[in-house]
> 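Here's a structure for you.
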Amino acid sequence: MLILALAPVGILLAYTFFRDKYEKEPWDMLLVALAMGIFSSIPIVWVERGFSLLGSSLYGWTSIFYDSFIVASFTEELFKFIFLYILIWKSPEFNEKFDGIVYAVFISLGFAAVENVMYVFDYGIQAGFTRAITAVPAHFLFGVNMGFFVGLARFYPERRRKLLWLAVFYPILLHGIYNFILMSNHSWALLIFIPYIIFMWRTGMREMKQLSDSSIFRNDFNGDHDLFKDE
């Protein structure tokens, strides 16, 4: 069960590491990032419990929205961002745009590893197989999205404040929608869930390609994101 819980995490970590084309990140930094993601689960659990108590009087769709976007999404993605910023923002190792994605994914999957182990041991092997193709890849994609904007923020100082804000906002939004679809527990949820997962994968892979193809030695941005078109 432990192997089942950690295998998808390991696969996605390896994939991210090998997508870093130009300069591999040092192992000690990657291990610290992974450890920080694991450690982030401690404050996240406590803050989520506090938010849950604050929203205990809510019910129906309001409760689902609150649990999806505030209790889970806001708390988890905010702490991931805080740990990411602390680790890499002033680090000399953060010298390529793609590095933002690498470290964000390692932190995100560190948290996902703890969460997945807890779920698998609580709910069994079936939960492990289900989460291997849903929740763990979702955390990977939230990390890609966060790292995409953090990577750009490092090398576009004139847009830094906006990009750092987006590095928090978009993962919270993506994560919240993901949770809301699942927590709604309606028959139509699956019809929305599958296209949404495809959308997240397409977006995440496009973001990885854009920053993977752009090194620190090329300041031009080759992607087609509207944010970076010349005004």
Side-chain angles (χ1 to χ4, degrees), residues 1-20 24-45 48 72-89 91 93-94 96-122 127-151 167-168 170-176 178-179 182 197 200-201 203-209 211-212:
M1 290 177 68
L2 186 62
I3 292 173
L4 177 62
L6 296 180
V9 173
I11 291 170
L12 291 170
L13 288 173
Y15 173 76
T16 305
F17 178 79
F18 287 110
R19 280 295 300 267
D20 191 4
K24 300 295 186 187
E25 299 310 298
W27 280 106
D28 58 341
M29 283 287 289
L30 294 177
L31 291 175
V32 170
L34 191 63
M36 291 180 79
I38 293 171
F39 178 78
S40 72
S41 62
I42 299 174
I44 285 172
V45 166
E48 285 183 338
S73 176
F74 173 79
T75 305
E76 293 174 14
E77 300 308 324
L78 179 61
F79 274 100
K80 290 176 190 176
F81 175 80
I82 291 171
F83 278 90
L84 175 65
Y85 189 89
I86 291 172
L87 176 65
I88 70 167
W89 191 253
S91 171
E93 300 298 341
F94 189 10
E96 292 179 353
K97 296 168 189 162
F98 194 78
D99 294 346
I101 289 180
V102 173
Y103 289 111
V105 166
F106 269 70
I107 288 175
S108 188
L109 288 178
F111 170 78
V114 176
E115 185 182 63
N116 214 39
V117 168
M118 292 173 63
Y119 269 95
V120 171
F121 278 88
D122 283 345
F129 283 112
T130 301
R131 289 179 59 83
I133 60 173
T134 56
V136 175
H139 278 288
F140 162 76
L141 294 170
F142 303 148
V144 169
N145 189 255
M146 181 181 293
F148 174 78
F149 288 106
V150 170
V168 180
Y170 272 128
I172 290 174
L173 180 64
L174 292 173
H175 195 163
Y178 174 90
N179 288 342
L182 293 181
I197 292 296
M200 287 204 303
W201 271 107
T203 301
M205 293 302 98
R206 185 177 69 247
E207 290 173 345
M208 292 191 83
K209 184 178 187 304
L211 294 200
S212 181

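The figures that follow rest on heavy atoms only: side chains count, while hydrogens, waters and symmetry mates do not. Note that the coordinates shown come from a computational prediction; the quantities given were computed from them, not determined experimentally.
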> Measure the shortest side-chain to side-chain distance between Phe106 and Leu31 over non-hydrogen atoms and say whether it is less than 4.5 angstrom.
no

> Check step by step if side-chain contact (heavy atoms from CB on, under 4.5 Å) holds for Val117 and Leu6.
CA-CA 7 Å; Val117 168; Leu6 296 180; 3.8 Å; yes

> Contact between Lys97 and Phe148 at the side-chain level, heavy atoms closer than 4.5 Å - yes or no?
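When only atoms from C-beta onward are counted, Phe148 and Lys97 do not touch, as no gap falls below 4.5 Å.
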
> Going through the checks in order, is the side-chain contact (heavy atoms from CB on, under 4.5 Å) test met by Leu182 and Thr134?
CA-CA 11 Å; Leu182 293 181; Thr134 56; 6.0 Å; no

> Has Thr203 got a side-chain atom pairing as donor or acceptor with Met200's backbone, closer than 3.5 angstrom?
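Here the side-chain-to-backbone pair does not exist.
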
> Of all the heavy-atom pairs spanning Val150 and Ala167, show the shortest one and how long it is.
CG2-CB, 3.6 Å

> Say whether, by atom type as modelled, one donor and one acceptor occur between the side chain of Asn116 and the main chain of Ala113 under 3.5 angstrom.
no

> Any side-chain to backbone donor/acceptor pair from Tyr178 onto Ala135? Under 3.5 Å, distance only.
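Present.
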
> How many angstroms lie between atom CD1 of Ile101 and atom OG of Ser212, to the nearest 0.5 angstrom?
8.5 Å

> Using modelled atom types only, decide if a donor and an acceptor are shared between the side chain of Lys24 and the backbone of Phe17 within a distance under 3.5 Å.
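Yes; at least one donor-acceptor contact below 3.5 Å.
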
> Restricting to non-hydrogen atoms, name the atom on Phe94 and the atom on Gly100 that form the minimum distance, rounded to 0.1 Å.
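The pair with the smallest heavy-atom distance is CE1-N, 3.6 Å.
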
> With side chains defined as the heavy atoms from C-beta onward, is the minimum distance between Trp201 and Ile197 less than 4.5 Å?
yes

> If every non-hydrogen atom of Gly143 is compared with every non-hydrogen atom of Ala104, which pair is closest and at what distance?
O-CB, 3.2 Å

> For the backbone of Gly37 and the side chain of Ser40, can you confirm whether one donor and one acceptor N or O come within less than 3.5 Å of each other?
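Yes; at least one donor-acceptor contact below 3.5 Å.
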
> Measure the spacing between CD1 of Ile107 and OH of Tyr85 and express it to the nearest 0.5 Å.
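It is 13.5 Å, given to the nearest 0.5 Å.
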
> Please report the C-alpha distance between Trp89 and Tyr103 in whole Å, then the side-chain angles of each, then the deciding distance to 0.1 Å, and finally whether the ring-ring contact (aromatic ring centres under 6.0 Å, His included) criterion is met.
CA-CA 11 Å; Trp89 191 253; Tyr103 289 111; over 10 Å; no

> Tell me whether the rings of His139 and Phe111 are parallel (<30°), tilted (30 to 60°) or perpendicular (>60°).
perpendicular

> Atom CD of Glu76 and atom CD of Glu48: how far apart are they, to the nearest 0.5 Å?
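Result: 4.5 Å between the selected atoms.
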
> Any side-chain heavy-atom pair from Met146 and Ser108 closer than 4.5 angstrom?
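Counting from C-beta outward, Met146 and Ser108 never come under 4.5 Å.
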
> Of all heavy-atom pairs between Leu173 and Ser73, which one has the smallest distance, and what is that distance?
N-OG, 4.5 Å

> Might you confirm whether atom CE of Met118 has over 12 heavy atoms from other residues, nucleotides or ligands at distances under 6.0 Å?
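No, because the 6.0 Å sphere around CE of Met118 holds 12 heavy atoms or fewer from other groups.
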
> Can you say whether the rings of His175 and Phe142 are parallel (under 30°), tilted (30 to 60°) or perpendicular (over 60°)?
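Taking Phe142 first and then His175, their aromatic rings lie parallel (interplane angle under 30°).
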
> If you compare all heavy atoms of Val9 against all heavy atoms of Leu109, which two are closest, and at what distance to 0.1 Å?
CG1-O, 3.7 Å

> How close do Glu207 and Asn145 get, counting heavy atoms only, and between which atoms?
OE2-ND2, 3.0 Å

> For the atom pair OH (Tyr15) and CG (Asp20), what is the distance rounded to the nearest 0.5 Å?
12.0 Å

> Under 4.5 Å between any side-chain heavy atoms of Val102 and Leu30, yes or no?
yes

> With a 4.5 Å heavy-atom cut-off, do Leu13 and Leu34 have their side chains touching?
yes

> Run the side-chain contact (heavy atoms from CB on, under 4.5 Å) check on Leu12 and Val105 step by step: do they pass?
CA-CA 9 Å; Leu12 291 170; Val105 166; 5.7 Å; no

> Quick one: OG1 on Thr16 to CD on Glu25, what's the gap to the nearest 0.5 Å?
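If I round to the nearest 0.5 Å, the distance is 12.0 Å.
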
> Within the 4.5 Å heavy-atom criterion, are Pro26 and Glu93 side-chain neighbours or not?
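Touching, per the 4.5 Å side-chain cut-off.
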
> List the steps, then state whether side-chain contact (heavy atoms from CB on, under 4.5 Å) holds for Phe98 with Met208.
CA-CA 7 Å; Phe98 194 78; Met208 292 191 83; 3.7 Å; yes

> As an exercise, state the distance from CZ of Arg131 to CG of Leu4, rounded to the nearest 0.5 Å.
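Between atom CZ of Arg131 and atom CG of Leu4 there are 11.0 Å.
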
